[in-house]
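Step one of this worksheet: look at the structure below.
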Amino acid sequence: MTLDRPMYRVKRRLLGEPLTTERVSEEKLGDRTALGVLASDCISSSAYGSEEMLRVLVPVVAETPGTPSSP
């Protein structure tokens with residue numbers, strides 16, 4: 001428990017005081033708003049994820065001995 005104290009202080013200094021119960025309701029997004037704002041992140045991750053993996057894997061496979069290379 002003593003190790004958690006310094007991290008708690010750092011977190012509190014960076015993020016500020018915890019929200020009170022009354023304030024939490026003001027800070028929350030409604031279901032419709034949250035879906036519109038946050039759903040695009042999932043769509044973009046699935047759309048670009050495979051492309052980003054290929055950018056890393058293709059050069060590695062090309063440098064691997066024993067793999068056929070194109071002329």
For the CD atom of E22 and the CD atom of E27, what is their distance to the nearest 0.5 Å?
12.5 Å

Mind checking side-chain contact (heavy atoms from CB on, under 4.5 Å) for T33 and listing every partner two or more places apart, or none if nothing turns up?
L29, V37

Would you mind telling me which of R12, K11, R23 makes a salt bridge (charged side-chain N to carboxylate O under 4.0 Å, His left out) with E17?
R12

For V24, all residues meeting side-chain contact (heavy atoms from CB on, under 4.5 Å), sequence neighbours excluded
L19, K28

